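In this text the structure is predicted, and so the values were computed from the model without any measurement.
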Amino acid sequence: MTATTLAATAALLLTACGSGGNDSSQGDPKGAEAGKHSPTPSVPASASGKSEADRPDVSLPKDLKLVFDFEKPSDADAAAALDDAANYIRALDHGIAQQDPNDPAYQFYSTGGAQKYAKSQIEAWVKDGWTVTGNDRYFDASVESAGEGKSTLVTFCRNQAKFYSKKVETGKVSYTDENLDSYQRFSLLMSPSETSAEVWQARQIEVQGRVEECKG
């Protein structure tokens with residue numbers, strides 16, 4: 001997927017991962033989300049230096065850990081776009097944990113197709129009575145200019161082998177075994193918010209499943 005193609009289309013691909021595990025369920029939405037994750041309960045300061053107080057809460061339950069193993073770009077805009085791509089993922093998981101399809105966090109970090117995607121993912125988890133738990137890792141990030149320099153394409157891999165679904169009512173975890181379905185590649189078209197140039201929003205998203213290249 002090239003930057004031009006992603007900018008021109010809203011490729012909202014719902015991927016279904018985590019097959020082949022034990023205690024799995026047909027209704028288990030694991031992997032259907034474009035990112036349900038966050039490494040720590042607090043939001044790291046963005047590359048722009050904007051204070052945490054100006055941003056929405058994306059804290060997560062103690063049993064959910066997101067790891068963003070990214071190298072920080074030297075370019076300030078690229079670093080800010082990468083930071084807020086991670087915050088979009090955190091916000092999506094925050095919405096699932098809060099069981100709120102209208103959670104303000106993902107709305108703050110997204111617009112357009114990416115915002116519709118996040119809402120649809122949260123709605124799916126809430127409808128089926130699931131929340132998220134475990135460890136979710138994102139790595140091998142790349143950042144490139146798109147849309148004549150007005151936008152940035154952020155791409156990274158994901159390993160969700162230890163990221164599980166959990167029933168809200170019972171707390172029962174649906175464990176799955178690691179396999180090719182555990183590996184995905186995310187492509188996020190990021191651009192500065194119309195209300196604050198210091199905040200970057202995800203505008204479009206594509207999620208590719210079963211990505212062999214992300215296993216390395």
Asn135: side chain to side chain donor-acceptor pair (under 3.5 Å) partners, not counting sequence neighbours: none

Set of side chain to side chain donor-acceptor pair (under 3.5 Å) partners for Thr111, sequence neighbours left out: none

Polar side-chain atom of [X] near backbone of [Y] as donor-acceptor pair, under 3.5 Å:
{"X": "Gln115", "Y": "Ser110", "answer": "yes"}
{"X": "Gln201", "Y": "Phe108", "answer": "yes"}
{"X": "Lys215", "Y": "Asn159", "answer": "no"}
{"X": "Asp128", "Y": "Trp130", "answer": "no"}
{"X": "Ser187", "Y": "Glu206", "answer": "no"}
{"X": "Tyr106", "Y": "Ala114", "answer": "no"}

Worked verdict on Arg158 versus Val211 for side-chain contact (heavy atoms from CB on, under 4.5 Å): CA-CA 9 Å; Arg158 176 193 191 190; Val211 181; over 6 Å; no

Of the non-hydrogen atoms in [X] and [Y], which two are nearest, and what is the gap between them?
{"X": "Gly209", "Y": "Gln184", "answer": "CA-CG, 4.3 Å"}
{"X": "Phe70", "Y": "Leu82", "answer": "CD1-CD1, 3.6 Å"}
{"X": "Ala146", "Y": "Leu153", "answer": "CB-N, 4.3 Å"}
{"X": "Gly113", "Y": "Gln204", "answer": "CA-OE1, 3.5 Å"}
{"X": "Leu188", "Y": "Ala85", "answer": "CD1-CB, 3.7 Å"}
{"X": "Trp125", "Y": "Thr131", "answer": "CZ3-O, 3.0 Å"}

Donor + acceptor pair across side chains of Tyr183, Gln208 (<3.5 Å): no

Residue pair Tyr109 / Arg90, side-chain donor-acceptor N/O under 3.5 Å: no

Working to the nearest 0.5 angstrom, can you tell me the gap between [X] [atom1] and [Y] [atom2]?
{"X": "Gln98", "Y": "Leu60", "atom1": "CD", "atom2": "CG", "result": "9.0 Å"}
{"X": "Glu178", "Y": "Leu180", "atom1": "CD", "atom2": "CG", "result": "10.0 Å"}
{"X": "Cys157", "Y": "Phe139", "atom1": "SG", "atom2": "CZ", "result": "4.5 Å"}
{"X": "Leu189", "Y": "Lys150", "atom1": "CG", "atom2": "NZ", "result": "13.0 Å"}
{"X": "Phe163", "Y": "Asp136", "atom1": "CZ", "atom2": "CG", "result": "5.0 Å"}
{"X": "Arg210", "Y": "Ser182", "atom1": "CZ", "atom2": "OG", "result": "10.0 Å"}

Atom CD of Gln99 with >12 non-hydrogen neighbours under 6.0 angstrom: yes

Sole candidate of Gln121, Lys116, Glu123 that passes side chain to side chain contact (heavy atoms under 4.5 Å, CB included) when paired with Lys119: Glu123

Qualifying residue for side chain to side chain contact (heavy atoms under 4.5 Å, CB included) with Lys166, from Leu64, Val132, Asp63: Asp63

Chi angles and distances behind the side-chain contact (heavy atoms from CB on, under 4.5 Å) call for Asp77, Thr152: CA-CA 9 Å; Asp77 284 344; Thr152 297; 5.7 Å; no

Side chain proximity check, Arg55 to Val199, heavy atoms < 4.5 angstrom: yes

side-chain contact (heavy atoms from CB on, under 4.5 Å) assessment of Ile205 paired with Tyr88: CA-CA 11 Å; Ile205 180 171; Tyr88 169 75; 3.9 Å; yes

Val126 with Leu92, same ILVMFWY side-chain cluster at under 4.5 Å: yes

Stepwise side-chain contact (heavy atoms from CB on, under 4.5 Å) test for Phe186 and Val207: CA-CA 5 Å; Phe186 284 69; Val207 184; 3.7 Å; yes

Salt bridge (Lys or Arg N to Asp or Glu O under 4.0 Å) partners for Arg137, two or more places apart: Asp69

